[in-house]
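Following: one structure in structure tokens, then a few remarks.
Please read all numbers here as calculations on a predicted model, not as lab measurements. Start at 1 and go down the list; that is how both ligands and their atoms are numbered.
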Amino acid sequence: MMSTYRIHGATGEWEVVIGLEVHAQVTSNAKLFSGAATAFGAEPNAQVSLVDAAMPGMLPVLNRECIRQAVRTGMAIEAQINRWSRFDRKNYFYADLPQGYQISQLYHPLVGEGSLAIEADEKAGIAEDKLIGIERIHVEQDAGKLMHDQHPTMSYVDLNRSGVALMEIVSRPDMASPAEAGAYLRKLRAILRYVGSCDGNMEEGSMRADVNVSVRKAGEPLGTRTETKNVNSVRFVMQAIEHEARRQVEVLEDGGRIVQETRLFDPGSGTTRSMRSKEDAHDYRYFPDPDLLPLELDQAFLDECRASLPELPDAKRRRYESELGLSSYNAAVLTAEVETARWFEALLLASATAQGKPPAELAKQAANWLISELFGALNKAGHALEDSPVTPERGAELLALVGKGTISGSIAKQVLETMLETGDAPAAIVEREGLVQESDTGAIEAAVDEVLAANPEKLAEYRGGKDKLFGFFVGQVMRAMSGKANPQVINEVLKRRLG
Ligand code: ADP
Ligand code: MG
């Protein structure tokens with residue numbers, strides 16, 4: 001039995017309560033209210049329109065595609081889509097915010113109540129499947145970026161990100177351990193990538209999390225939380241929770257109290273430190289943005305959003321199990337990332353064509369090869385699946401050679417390594433290196449006879465009842481034939497000769 005996550009303090013056990021606010025950059029060519037481009041890595045201030053720079057008299061024009069992506073995301077977490085929503089101004093002064101306010105949605109968000117399922121994971125310490133509530137998704141503008149270390153006496157501002165569309169995805173305080181928070185983030189990122197509404201790239205900042213943590217004794221009401229801002233990797237989020245929960249337990253057990261405050265995570269030390277307390281937080285003076293009409297969605301728009309949704313990871317995983325007969329482990333591995341699922345489906349389709357068999361018949365072979373052979377070889381060569389030198393079509397050609405008995409499974413491993421190095425077609429490699437499997441009974445019989453003649457003692461032992469030696473003979477024959485003999489034929493011939 002697995003135990004629930006607890007912090008063991010001096011006064012007993014503490015539960016941890018976690019809620020995440022994830023900022024996900026919407027995948028779109030243009031910003032939320034302007035036509036400026038959003039590509040990552042551009043020269044500073046190369047993607048700034050007059051609207052983003054807040055020039056007087058400029059008016060925001062809502063980008064339909066950003067709304068579409070947020071609605072599709074809401075549908076993917078089975079959330080309520082609000083057909084009427086509204087943009088509000090959140091007023092504050094900061095040098096990276098030329099407007100003096102951020103356009104956001106406080107009172108009437110685009111997406112309401114939804115949820116996300118995380119799976120039991122014994123290794124990670126998640127005892128059972130769990131549904132994490134999602135309170136809302138609202139759409140808002142990103143701010144610019146200050147650059148402090150470029151000049152001894154000056155700071156710069158890069159407004160490329162100013163006005164880029166973000167989805168803020170707010171969870172309920174439903175997570176109870178760092179592992180659950182990690183699983184939630186990975187699942188959310190997978191869904192965003194399947195949907196195509198955010199690239200989920202945490203290193204580039206297109207997905208970042210504000211981590212709300214509190215602790216309590218079992219059965220007590222929710223404790224006061226702290227919020228650690230802008231944490232930009234799954235591992236860091238888990239570390240921040242671990243550290244923050246322990247810190248809170250120490251403070252409380254020392255007779256102190258937790259103040260609701262904003263904290264910063266330091267990746268170097270894995271710790272959090274106070275940034276500002278919520279008690280002296282700004283009053284943002286939210287009010288409806290007078291430059292924008294309320295947003296009303298019609299049925300045709302919603303229908304198109306729904307129709308454009310792809311098969312999502314959970315549904316795909318279930319289908320791989322039921323339709324393709326894959327193990328739940330393999331189905332989970334293949335659907336965890338959309339790129340993996342796409343690769344697998346392309347491999348399966350090409351295999352079915354190459355071998356003239358229905359996909360369901362080839363799925364196990366293809367899944368096992370992808371997971372144990374290709375992943376292993378790519379890892380060794382330092383490649384990700386996305387930049388694999390072996391395409392799904394080439395993989396299917398290799399599997400077809402095994403399926404037809406042209407090469408053995410062990411030779412296939414060797415051929416795969418050469419394919420990764422040279423990019424050549426498997427048939428060409430097999431031909432060039434003379435790797436065709438020998439299935440000719442005559443040649444194999446000759447090798448068997450040689451091996452038996454060369455090992456009279458072993459033969460006597462075998463005849464005396466040492467059955468295990470059968471494997472030894474198979475190995476010797478295989479060696480005599482440089483690994484190229486058809487193992488099934490070796491087995492048959494040996495049985496005949498020994499039996
Ligand atoms: P605010 O309006 O102050 O931002 P919210 O109610 O919107 O507060 O909550 C923000 C986030 O904090 C949500 O993700 C929520 O799940 C989480 N949260 C709220 N209360 C707690 C708590 N006691 N412990 C941990 N997380 C919490
Ligand atoms: Mg909030």
Side-chain angles (χ1 to χ4, degrees), residues 4-7 14-24 73-74 77 79 82 85 88-92 102 104-116 118 130-140 166-185 187-189 207-231 234 237-249 251-252 257-265 272 274-287:
T4 320
Y5 184 83
R6 292 280 187 273
I7 304 261
W14 296 79
E15 295 179 359
V16 181
V17 176
I18 304 148
L20 296 176
E21 296 167 279
V22 171
H23 284 97
T73 305
I77 56 158
N82 294 324
S85 64
D88 305 304
R89 286 187 184 178
K90 177 181 182 178
N91 299 282
Y92 66 98
Q102 175 195 31
S104 181
Q105 298 188 303
L106 178 68
Y107 302 104
H108 298 280
L110 181 61
V111 177
E113 207 63 45
S115 64
L116 185 149
I118 58 174
K130 188 168 174 180
L131 211 57
I132 308 296
I134 291 179
E135 187 184 312
R136 58 193 271 151
I137 302 178
H138 62 257
V139 178
E140 62 186 26
L166 301 177
M167 294 179 275
E168 181 170 335
I169 305 164
V170 184
S171 88
R172 296 260 172 224
D174 285 351
M175 287 156 276
S177 69
E180 286 185 9
Y184 170 86
L185 275 177
K187 185 66 167 289
L188 179 60
R189 186 173 59 187
M207 188 174 146
R208 44 195 199 262
D210 298 344
V211 184
N212 297 274
V213 176
S214 64
V215 297
R216 65 175 171 189
K217 288 278 175 66
E220 284 182 356
L222 288 181
T224 304
R225 72 188 149 99
T226 63
E227 178 179 13
T228 302
K229 280 280 187 196
N230 278 328
V231 188
V234 174
V237 166
M238 293 171 66
Q239 277 179 7
I241 294 166
E242 184 92 40
H243 174 269
E244 186 52 20
R246 287 182 192 285
R247 187 193 68 83
Q248 290 184 13
V249 166
V251 169
L252 292 171
R257 68 181 186 101
I258 302 300
V259 283
Q260 193 175 341
E261 63 179 354
T262 305
R263 298 180 69 85
L264 281 179
F265 178 70
T272 66
S274 182
M275 188 165 98
R276 60 169 184 259
S277 102
K278 198 103 179 181
E279 281 152 10
D280 49 61
H282 333 259
D283 175 354
Y284 292 116
R285 311 250 162 178
Y286 278 97
F287 67 89

Whether [Y] and [X] form a salt bridge (side-chain N of Lys/Arg under 4.0 Å from carboxylate O of Asp/Glu) is what I want to check.
X: R263; Y: E227; result: no
X: R172; Y: E113; result: yes
X: E168; Y: K90; result: no

Flag the pair Q102 / R89 as yes when at least one side-chain heavy-atom distance between them is below 4.5 Å, and no otherwise.
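The answer is no, as the side chains (C-beta and beyond) never meet within the 4.5 Å cut-off.
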Atom indices of ligand 1, in the order listed, that fall short of 4.0 Å to a heavy atom of [X]:
X: P173; answer: 16 (O), 26 (N), 27 (C)
X: L20; answer: 14 (O)
X: V17; answer: 24 (N), 25 (C)
X: L222; answer: 23 (N)
X: V170; answer: 13 (C), 14 (O)
X: G223; answer: 23 (N)

Tell me whether Q260 has any N or O atom under 3.5 angstrom from an N or O of ligand 1.
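No, no N or O pair falls under 3.5 Å.
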Mind checking whether T224 has an N or O less than 3.5 Å away from an N or O of ligand 1?
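In fact, backbone or side chain, T224 has no N or O that close.
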Quick one: closest heavy-atom pair of S171 and Y184, and the distance?
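The pair with the smallest heavy-atom distance is CB-OH, 3.6 Å.
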Nearest-option assignment for atom 3 (O) of ligand 1, heavy atoms, candidates R225, E168, E21, R172:
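That would be R225.
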Just by modelled atom types, is the R285 backbone N or O under 3.5 Å from a matching donor or acceptor in the N91 side chain?
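Present.
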Qualifying residue for side-chain hydrogen bond (donor to acceptor under 3.5 Å, both in side chains) with T226, from Q248, R247, E261, Q260:
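Testing each of Q248, R247, E261, Q260 against T226, the sole residue satisfying side-chain hydrogen bond (donor to acceptor under 3.5 Å, both in side chains) is Q248.
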